[in-house]
Amino acid sequence: MFEKLLVANRGEIAIRVMAACEELGVETVAIYSDADRNAGHVEYADEAYNVGPAPAADSYLDGETIVETAKRAGADAIHPGYGFLAENAEFARRVEAAEGLTWVGPESDTMERLGEKTKARTVMDAAGVPVVPGTNDPVETPEEVAELGEEYGYPIAIKAEGGGGGRGMKIVRGPDEVEDALETARREGEAYFGNDSVYVEKYLDSPKHIEVQVLADEHGNVRHLGERDCSLQRRHQKVIEEAPSPSLTAALREDIGEAARRGVGEAGYTNAGTVEFLVEDGEFYFMEVNTRIQVEHTVSEEITGIDIVAWQIRIAAGEELDFGQDDVEFDGHAIEFRINAENPAKEFAPTPGRLETYDPPSSVGVRLDHAVSQADDIGGDYDSMIAKLIVHAPDRDRCFRRSERALKHFEVEGVHTTIPFHRLMLDDDAFRRGEHTTKYLDEELDAER
Ligand code: ADP
């Protein structure tokens with residue numbers, strides 16, 4: 001096992017990783033920007049180092065300084081969390097190349113192969129996993145796009161190779177929209193992901209977003225931990241996630257899980273990863289692989305009892321998974337609510353400010369992953385998520401009731417949050433019935449306006 005691990009991240013995920021380290025007997029190193037001197041993750045760590053000014057580009061994204069810091073601290077491993085450098089193959093390569101340092105994640109080559117969406121589509125295709133109809137190569141000209149529009153039928157999506165979270169994705173509803181959409185997708189791809197390469201997919205009308213958590217060790221063992229349903233999205237961003245999905249048949253669940261396992265197995269993948277699918281009319285289509293821990297990994301942990309983050313570290317240290325696929329059992333239902341410092345009444349605009357009151361719920365079935373406490377200042381430098389509330393219960397119905405209780409007792413004053421929005425969602429018929437698709441929330445919110 002490692003002796004000392006540096007977490008190249010901030011906020012709740014930094015603490016989540018350090019919590020796993022503690023249980024494994026690994027010392028922890030935090031990094032922080034000037035804006036985060038007093039942040040929760042800094043306080044939590046055994047030691048902490050400043051890596052630069054507030055803008056992420058000068059601190060949390062400065063790979064060179066982070067690797068230097070790890071060496072200086074005497075760390076022997078780096079965990080990237082999610083966001084920032086987590087899916088940056090170049091950074092992973094830098095860590096791999098640094099003497100005495102181990103990258104907690106898949107190999108940089110694998111990240112590269114699966115991180116670019118068209119390459120990943122090719123890999124999955126070859127493994128016999130159904131992919132969303134579309135191109136496996138980048139497209140260049142508006143003419144090419146228009147031809148594909150004819151072939152698949154509109155709407156189609158132009159997607160940035162490196163895109164994610166809906167960024168770099170443009171929906172095209174007819175030939176006259178092609179030129180603008182192509183330009184915007186390219187521009188966003190370049191701005192957010194440093195890659196202006198784009199490709200085309202059929203845009204599914206009302207799919208479910210279903211993703212499968214996988215764990216793969218360096219000894220050829222691949223396990224899946226079942227699916228998560230992340231269909232409740234606002235502008236392609238996940239808002240509430242749950243496991244298991246309320247809308248899969250047992251047969252489809254089995255097929256998707258096995259497809260994910262086969263896909264990453266054939267790709268020679270190691271460590272934790274997520275295979276994302278769109279599901280429509282009983283068919284599933286591969287969308288992409290996320291080669292990192294995800295925000296919503298928590299709901300899978302709750303229903304399987306498996307510590308995914310600890311396994312990331314153990315796998316990186318060369319350990320073998322000590323359970324078979326048949327040993328993975330699913331217990332009850334779990335829902336994660338992203339508590340963001342945003343104003344739901346004002347188009348979810350971020351609302352920085354001071355947490356005058358911060359009094360989260362507790363008691364049976366309630367888990368909080370957070371890095372804030374009362375009187376903290378919520379700045380505007382990074383994303384607006386202040387906490388994840390994860391609720392676990394024996395079944396979905398009771399999970400809803402438990403969630404109502406938890407959200408009711410979640411007191412925050414000083415900034416607006418998404419808590420009132422979540423409470424409304426628990427009363428929403430389509431969500432309660434599990435009939436919502438990825439389009440549902442945007443349509444509802446549009447209709448209210
Ligand atoms: P990520 O899953 O990393 O956020 P994307 O930006 O590719 O990556 O997708 C974000 C969301 O956009 C998905 O969860 C899904 O709701 C929607 N989406 C992506 N591709 C398609 C598609 N071809 N058809 C319909 N919806 C899509």
Side-chain angles (χ1 to χ4, degrees), residues 82-84 86-88 111 114-121 124-125 129-136 138-139 145 148-149 151-173 181 184-193 195 197-213 227-242 245 247 256 260 273-281 283-297 336 338 383 385 436-445:
Y82 53 68
F84 296 125
E87 293 195 273
N88 186 316
M111 287 172 69
L114 293 176
E116 284 198 10
K117 297 191 180 198
T118 55
K119 288 191 194 157
R121 289 167 58 81
M124 290 296 153
D125 219 5
V129 177
V131 301
V132 179
T135 59
N136 286 355
V139 297
V145 177
L148 292 162
E151 188 183 333
Y152 306 132
Y154 291 97
I156 55 172
I158 305 180
K159 296 175 80 167
E161 274 277 21
R167 282 186 173 142
M169 176 168 84
K170 285 290 140 207
I171 300 149
V172 186
R173 307 210 170 265
T184 314
R186 269 196 201 294
R187 188 165 11 90
E188 288 189 8
E190 178 63 44
Y192 293 120
F193 312 102
N195 182 351
S197 178
V198 300
Y199 71 106
V200 170
E201 267 177 16
K202 167 104 190 104
Y203 191 68
L204 302 182
D205 272 325
S206 45
K208 290 252 176 196
H209 174 117
I210 305 290
E211 57 184 38
V212 179
Q213 175 71 52
E227 84 285 359
R228 296 186 283 261
D229 192 322
C230 312
S231 301
L232 204 76
Q233 302 185 350
R234 187 181 157 269
R235 303 204 174 144
H236 305 301
Q237 306 252 11
K238 297 162 187 167
V239 181
I240 298 176
E241 302 99 339
E242 61 184 313
S245 167
S247 66
I256 290 191
T274 300
V275 188
E276 296 192 332
F277 297 93
L278 294 174
V279 176
E280 196 173 64
D281 301 329
E283 304 282 336
F284 65 92
Y285 308 93
F286 166 78
M287 186 165 55
E288 68 167 342
V289 181
N290 287 318
T291 58
R292 55 168 159 83
I293 191 73
Q294 284 186 277
V295 174
E296 62 273 24
H297 73 277
E336 176 182 274
R338 297 191 187 200
D383 73 13
M385 193 171 74
H436 58 292
T437 69
T438 58
K439 306 296 156 61
Y440 176 70
L441 200 51
D442 287 324
E443 282 166 6
E444 288 299 292
L445 293 171

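For the single chain, residues carry numbers from 1 onward in sequence order. Indexing begins at 1, ligand by ligand and atom by atom, following the structure's order.
- The closest side-chain donor-acceptor pair between Tyr285 and Glu283, if any, does not fall under 3.5 angstrom.
- If you run side chain to side chain contact (heavy atoms under 4.5 Å, CB included) between Tyr154 and each of Ile171, Val172, Leu148, only Val172 comes through.
- Checked by atom type, the side-chain pair Arg186/Ser197 shows no donor-acceptor distance below 3.5 Å.
- Between the Lys117 side chain and the Met287 main chain, no donor and acceptor come within less than 3.5 Å of each other.
- A heavy-atom cutoff of 4.0 Å around ligand 1 is satisfied by the protein residues Lys117, Val132, Lys159, Gly164, Gly165, Gly166, Met169, Glu201, Lys202, Tyr203, Leu204, His209, Gln233, His236, Glu276, Leu278, Met287, Glu288, Thr438.
- Minimum interatomic distance between Ala185 and Gly168 (heavy atoms only, all atoms of both residues): CB-O, 3.9 Å.
- Considering OG1 of Thr135 and CD of Glu151, their distance stands at 10.0 Å, rounded to 0.5 Å.
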